[in-house]
Amino acid sequence: MSRAKTERLLNLTIALLATRRSLTREQVRRAVPGYPETDEAFERMFERDKEELRDMGIPVEVVSGDVYFDDEIGYRIDRQAYAVPEVSFTPEEMAVLGLAARAWTHASLAAPATSALLKLSAYGETASPALTAGLEPRLDAGEAAFLPLWQAVRDRASVAFGYRKGDGSAPATRTVDPWGILSRNGRWYLVGLDHDRGAARVFRVSRISGEVRRVSAAGNVVTPEDVDVRAMVAARQRPAQDVLARVLLHGDAGGWLRTQAVETTAHDGHTTVLTLRTDDLASLADHVAGLGATAVVLEPARLRDAVVARLSGALAAARGAARVDAAPDTVGAVGHAPRRSR
């Protein structure tokens with residue numbers, strides 16, 4: 001949100017809170033800086049601003065039949081509905097909030113969580129250190145898709161993204177109304193209405209590839225009242241169907257992959273064979289492909305094919321980029337013959 005828009009929304013909120021009676025559109029226009037001069041542009045911007053304030057939870061009321069304005073429609077914010085009731089927590093509740101804030105390792109979420117705790121502390125809400133001694137929770141959200149999905153859930157906006165199944169097949173585009181995002185057994189899941197399937201679906205965030213794009217305005221998604229996101233993830237989470245994979249590593253490559261192996265066998269003086277157990281071949285293919293020539297899939301064949309597909313795609317992209325970089329020099333060489341020194 002731009003600074004000008006933020007200031008305009010803040011000024012609009014103050015104006016509708018400060019007035020003793022409702023303000024007409026013309027009075028809002030005169031009282032709040034930043035609105036355009038033309039009537040049509042003002043109407044559009046004012047309508048958007050009202051909806052944004054309501055999306056933020058600010059109760060902008062429409063008042064009609066006001067004798068002061070000859071039945072002209074007016075607007076105001078009810079102070080009692082807008083005011084936040086006094087908040088208080090027991091030491092045990094503050095301990096839980098503190099643990100939740102410390103759990104976030106994602107920088108974009110860790111900062112707001114820490115800020116919220118500081119504000120509560122300023123009001124005298126504190127937790128006894130003894131309640132959380134020795135506890136150091138961690139909630140990782142390292143997937144690139146996590147933040148845009150979390151923001152889409154927050155803003156109630158539809159999204160589209162590439163999604164691949166666990167068998168390593170190519171990603172297919174899915175369009176989803178997001179209802180919630182949660183972590184279970186160390187993995188993040190998105191729950192929502194899948195437009196392409198016409199039904200509710202659960203998506204593993206680690207299987208989302210490419211950019212997460214918004215395909216609707218904020219406020220477009222309405223979550224059904226009877227939706228239980230946790231229950232849906234638990235119900236759709238099938239027992240893991242593990243697949244054994246064998247990967248040959250050259251030298252000391254594959255540090256993280258080595259920690260996941262159920263068996264490590266020295267092949268010769270320079271190579272090692274890892275036996276890995278996984279229920280997500282797509283993610284394993286990503287890790288192996290990232291090791292380049294230092295890793296070779298021995299089995300299964302579908303994992304090898306998935307790795308080859310990723311490496312082939314990376315090579316094609318690199319060649320395309322090289323052609324683009326070389327194009328200006330090539331044109332210059334063809335269009336201008338080199339001059340001889342005199």
Side-chain angles (χ1 to χ4, degrees), residues 55-57 87 89-90 92-114 116-117 120 127 131-132 135-167 171-172 174-209 212 214-216 218-242 278-280 282-283:
D55 288 340
M56 296 176 190
V87 178
F89 297 97
T90 65
E92 290 77 13
E93 291 171 334
M94 280 299 299
V96 172
L97 290 174
L99 287 173
R102 286 158 52 189
W104 284 109
T105 58
H106 198 290
S108 62
L109 299 177
T114 303
L117 282 182
L120 289 174
L131 293 175
T132 57
L135 298 177
E136 196 62 34
R138 282 292 177 265
L139 194 58
D140 186 24
E143 294 93 341
F146 173 81
L147 185 57
L149 289 176
W150 177 79
Q151 292 172 335
V153 171
R154 179 197 63 190
D155 298 339
R156 296 185 289 120
S158 301
V159 291
F161 48 78
Y163 189 74
R164 59 176 181 261
K165 297 181 180 179
D167 58 5
R174 311 290 280 273
T175 303
V176 179
D177 289 348
W179 295 340
I181 185 169
L182 64 89
S183 176
R184 181 179 174 87
N185 296 332
R187 289 171 175 157
W188 283 99
Y189 296 89
L190 173 72
V191 178
L193 175 64
D194 187 339
H195 289 205
D196 305 284
R197 305 298 186 269
R201 288 291 186 270
V202 176
F203 302 91
R204 188 183 294 184
V205 174
S206 62
R207 292 180 182 170
I208 294 176
S209 63
V212 175
R214 289 200 181 190
V215 293
S216 80
N220 180 71
V221 175
V222 178
T223 304
E225 294 183 0
D226 59 347
V227 165
D228 186 336
V229 174
R230 295 184 181 277
M232 290 179 66
V233 172
R236 302 294 180 89
Q237 199 173 29
R238 301 181 180 89
Q241 298 178 352
D242 289 346
T278 181
D279 65 338
D280 190 349
S283 294

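Start at 1 with the first residue, then count along the sequence. These values consider heavy atoms only, across backbone and side chains, with no hydrogens, waters or symmetry-generated copies.
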Inset, instruction - Of all the heavy-atom pairs spanning G198 and L193, show the shortest one and how long it is. - result: C-CD1, 4.3 Å

Inset, instruction - Go through the steps for V229 and Y189 under the test side chain to side chain contact (heavy atoms under 4.5 Å, CB included), then give the verdict. - result: CA-CA 10 Å; V229 174; Y189 296 89; over 6 Å; no

Inset, instruction - Walk me through it: do V153 and L190 pass the test side chain to side chain contact (heavy atoms under 4.5 Å, CB included)? - result: CA-CA 9 Å; V153 171; L190 173 72; 4.2 Å; yes

Inset, instruction - Check R164 against S209 and note the closest heavy-atom contact, atom names and distance. - result: NH1-CB, 3.6 Å

Inset, instruction - Taking all non-hydrogen atoms of both residues into account, name the closest pair between A200 and M232 and its distance. - result: CB-CE, 3.5 Å

Inset, instruction - Can you measure from CH2 (W150) to CG (D155) and round to the nearest 0.5 angstrom? - result: 8.5 Å

Inset, instruction - Determine whether N220 and V215 make a side-chain contact, defined as any pair of heavy atoms from C-beta on separated by less than 4.5 Å. - result: no

Inset, instruction - Calculate, to the nearest 0.5 Å, the distance between atoms OH and CG belonging to Y163 and D196 respectively. - result: 13.0 Å

Inset, instruction - Go through L149 and F203 one step at a time and tell me if the side chain to side chain contact (heavy atoms under 4.5 Å, CB included) criterion holds. - result: CA-CA 11 Å; L149 289 176; F203 302 91; over 6 Å; no

Legend entry - Distance, nearest 0.5 Å, that separates OG1 of T175 from CG of D194: 8.0 Å

Legend entry - Interatomic spacing from CZ in R201 to NE2 in H195 - rounded to 0.5 Å: 13.0 Å

Inset, instruction - Please report the shortest heavy-atom distance between P171 and G162, naming the atom on each side. - result: CB-C, 4.2 Å

Inset, instruction - Please indicate whether R230 has more than 12 foreign heavy atoms, meaning atoms of other residues, nucleotides or ligands, lying under 6.0 Å from its CZ. - result: no

Legend entry - pair R174-I208: side-chain heavy atoms closer than 4.5 Å: no

Inset, instruction - State the CZ-CD distance between F146 and Q151, to the nearest 0.5 angstrom. - result: 9.5 Å

Legend entry - Heavy-atom closest pair, residues V212 and A145: CG2-CB, 3.8 Å

Inset, instruction - Indicate the atoms forming the closest heavy-atom contact of V221 with P178, along with that distance. - result: CG1-O, 3.6 Å

